[in-house]
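Report on one structure; see the data block that follows.
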There are 2 protein chains.
Amino acid sequence: MNIVPSKKKKKPTINDVANLAGVSKKTASRVLNNSPSVSDATREKVTAVMKKLNYVPDPQARGLAFKRSFIVGLVYDNPNVLYISDIQKGVLKACKGTGYELIMHPGDFNSEHLIEEVCDFATRARVDGIILLSPISQIDELAKRLENDQVPYVRISPKKIDIEEKTVISNDKLGAELMTEYLVSIGHRNIGFIKGPECNLSTEQKYQGFCKIMQKYNLPIQADLIIKGENTFESGIQSGNKLLAMKPNPTAIFASNDFMALGVMRAASMLNISIPEQLSIAGFDDSAIATVVWPDLTTIHQSAIQMGQMAANKLLVQLGSNNTNSNEVIEILPELVVRNSTKKAS
Amino acid sequence: MNIVPSKKKKKPTINDVANLAGVSKKTASRVLNNSPSVSDATREKVTAVMKKLNYVPDPQARGLAFKRSFIVGLVYDNPNVLYISDIQKGVLKACKGTGYELIMHPGDFNSEHLIEEVCDFATRARVDGIILLSPISQIDELAKRLENDQVPYVRISPKKIDIEEKTVISNDKLGAELMTEYLVSIGHRNIGFIKGPECNLSTEQKYQGFCKIMQKYNLPIQADLIIKGENTFESGIQSGNKLLAMKPNPTAIFASNDFMALGVMRAASMLNISIPEQLSIAGFDDSAIATVVWPDLTTIHQSAIQMGQMAANKLLVQLGSNNTNSNEVIEILPELVVRNSTKKAS
DNA sequence: TGCCTGACTGACACCGGTGTCAAAACACTA
DNA sequence: TAGTGTTTTGACACCGGTGTCAGTCAGGCA
């Protein structure tokens, strides 16, 4: 006798199911896909066998036949790790239960081959569609290429809204308005503002929101109180130093993101300026670091999680997924979060 | 005449390549896979056609035929976002150029179906192997199941090293030794230590490292100066308050991670204890937040990026990928990073 | 010249599912 | 009972690649 035990138990295929249930492969497939044209008796029989064999269809084979991969890609190159992971969380939330998985695909914003590279990734049939994060989402040429190659995509925070169904933006203008309104309401008149990098819708919007409220209260917008930053901690320090060297000192500084706000804080503490007694500091984003410093940061809460979720939902719609996810996000509204880095102007 | 223009240009298949090159499908496939048994003339011809058609093989079809998906999964449930994204970066770095992609798969550590769920994910042939992050990596039963189901996997920071090729751990003990040695060397004798949560190899190792150095210098390890934390900012505040209520005050506090260290900082600043003048604070991990607070945090740099990279490399080896990535990580050594939250004991 | 060898090549089945379309089974009418 | 329409089913090709194995062809040797 020749005993060759096969340790490795093979995964059951749809053929196994069909044979054991005494139906054809195709009928088994029908049951798998909830086709209505299967008699209840057959459906039950097949379902029972599937359960018994612990059958799970092979996604590769399905994908090949369906010409779908049931995978979405997240393309990013953003130094802000917290932002990415929040977006990621939102996307995963939206994907949950839809059978879609998420592939992370970092890209190099400064590479001249970026467009090629991303298109390659997207058309290799590896993913059914992609979500582009800022700043990559701002490359209009890339969007055009994707449009041309008929790759489903959604852009988060592009320069401008092009196609509604393929865009998710946050209401940054409103956020900036909320913050400015608040700062003014507690008595600040001399407010420094740190912008983000240029060529960025978000940057522009925040600035506009700021200006709008200043004008509303007939407050002057002094050119030298508007500093251009780079959204980084370091640029926050630099901008802070510039602003704090001015006479008269601004009583409040509103930075376009939390990292820069923390930079200002650092600059202030090195100049022995106490916060919030002598200077109020406000950020934007309410990232995880906002509560980890002391004093903790007054900021605008922008749910990146919701943005990711919304983007994924929009993408799934394009993919024709019967998205039964009820927790759909309709609009993302900024919220003012007052903490201890701001105080009434004395 | 009946003109029905087909706008959608189909992606070229291997058949197209073969036809245009005047060879068989199989030969084209051979060229694709760098099979040695193809004559140079043929190879050139086919390669030229591929380039001309801008042909890219369909990963689904390849996967189906190869019984491989060329995707690895990262399974995690860790509140520490910075850690995850560093690991992720490392994994992606290792995958780069190997043709492998990364799927993110969050799991619920507290779910009773976790094991089933993860096994399902792994065996659905969706991924070729998975990398488990702490705390999920610490579930030995899960590892046993994966072993049984013959799913390639690597665990990062499990409770103990089981199978060398499937484990990546950081040298936490050495890290704690470095930090303790440093604190002692600048004159601290009365050092508070905040442990991480129990049932964690890492927690235990750090504690051992701390004790080893204290004993080396014949310093007493006072039980009430050892506090158990939860690795969160909040637990850092609580632990800090406990330690700072003691008489005599410790002159230095060494927290097992940066979040807790920041918590201590916060506790100290609420008690008007100045840092580092009256109290030195040290963390562990050198996460991105360490440099964003003031004073910035003295900590131990543990490259999570390297850990991710190492884990991915080990996984790729299991998958038999001829990993030509030369930037292989051999060992991950902790580094002491001295910043401004610590100072000579007065 | 004839045979043997080794380097290349291609026909065909297969991976595990799905689409198409015709056939079978059933129900209902005339 | 035959005829018609509707539901349910299965045979077969196909998705886009790869493995197997036999066949072709040129060069070396007797």
Side-chain angles (χ1 to χ4, degrees), chain A residues 8-47 49-50 53-71 99 123-128 320-321, chain B residues 8-47 49-50 53-71 99 123-128 320-321:
Chain A
K8 182 135 194 172
K9 54 183 172 196
K10 270 190 313 184
K11 263 182 307 182
T13 74
I14 201 164
N15 281 305
D16 301 330
V17 173
N19 290 338
L20 211 66
V23 298
S24 78
K25 204 175 156 184
K26 180 65 212 185
T27 298
S29 163
R30 285 198 180 91
V31 173
L32 201 58
N33 291 288
N34 288 317
S35 160
S37 60
V38 177
S39 72
D40 290 347
T42 309
R43 185 184 306 282
E44 251 172 68
K45 200 168 49 178
V46 174
T47 309
V49 173
M50 283 180 175
L53 292 182
N54 197 10
Y55 169 76
V56 187
D58 180 336
Q60 307 244 24
R62 284 191 112 203
L64 181 57
F66 273 136
K67 299 197 169 197
R68 295 270 214 103
S69 65
F70 298 98
I71 295 177
T123 54
R124 243 180 319 173
R126 188 116 235 188
V127 293
D128 290 345
S321 160
Chain B
K8 182 138 192 170
K9 54 181 173 198
K10 269 190 315 185
K11 262 181 307 180
T13 74
I14 201 165
N15 281 303
D16 302 329
V17 173
N19 290 338
L20 211 67
V23 299
S24 77
K25 204 175 157 183
K26 180 64 211 185
T27 298
S29 162
R30 284 197 181 94
V31 173
L32 202 57
N33 291 286
N34 288 317
S35 159
S37 61
V38 177
S39 72
D40 290 346
T42 309
R43 184 184 307 281
E44 252 173 65
K45 200 168 50 181
V46 175
T47 309
V49 173
M50 283 181 175
L53 292 182
N54 198 9
Y55 167 77
V56 188
D58 180 336
Q60 307 243 27
R62 282 190 116 207
L64 181 57
F66 272 135
K67 301 200 167 194
R68 294 269 214 105
S69 65
F70 299 98
I71 295 175
T123 54
R124 241 181 319 171
R126 188 115 235 188
V127 293
D128 289 344
S321 159

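Just so it is clear: chains get the letters A, B, ... in the order the sequence lines come, proteins before strands, and each one is counted from 1. All of these numbers come straight from a predicted model, not from anything done at the bench.
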Legend entry - Closest non-hydrogen atom pair, B:Leu32 against B:Pro57: CD2-CB, 3.7 Å
Legend entry - B:Leu64 vs B:Ser24, nearer the 5' end of DNA chain C by closest nucleotide: B:Ser24
Inset, instruction - Could you tell me whether the phosphate oxygens of D:dG10, OP1 or OP2, come under 4.0 Å of any side-chain nitrogen or oxygen in A:Thr27? - result: yes
Legend entry - A:Arg62 side, atom CZ; A:Asn33 side, atom CG - distance, nearest 0.5 Å: 5.0 Å
Legend entry - Contact nearer the 5' end of DNA chain D, comparing A:Asp40 with A:Lys25: A:Asp40
Legend entry - Side-chain donor or acceptor of B:Arg43 paired with backbone N/O of B:Ser35 under 3.5 Å: yes
Legend entry - First and last nucleotide of DNA chain C, 5' to 3', lying under 4.0 Å from heavy atoms of chain B: C:dC8 to C:dG16
Legend entry - Distance in angstrom units between A:Arg30 CZ and D:dA11 C1', rounded: 11 Å
Inset, instruction - Return yes if some donor-acceptor pair links the side-chain N/O of B:Gln60 with the main-chain N/O of A:Lys67 below 3.5 Å, else return no. - result: no
Inset, instruction - Would you classify A:Asn33 as touching base, sugar-phosphate or nothing, given that sugar-phosphate means primed atoms plus P, OP1 and OP2, and contacts are heavy atoms under 4.0 Å? - result: sugar-phosphate
Legend entry - Interatomic distance, B:Thr13 atom OG1 to B:Lys11 atom NZ [nearest 0.5 angstrom]: 10.5 Å
Inset, instruction - Look at all strands and tell whether A:Ser37 reaches a base, only sugar-phosphate, or nothing, counting heavy atoms closer than 4.0 Å. - result: base
Inset, instruction - Please name the pair of heavy atoms, one in B:Val17 and one in B:Met50, separated by the smallest distance, quoted to 0.1 Å. - result: CG1-CG, 3.8 Å
Inset, instruction - On DNA chain C, check which nucleotide each of B:Pro36 and A:Lys26 is closest to and give me the residue with the more 5' one. - result: B:Pro36
Legend entry - Sugar-phosphate only, base, or nothing, as touched by A:Lys67 at under 4.0 Å among non-hydrogen atoms: sugar-phosphate
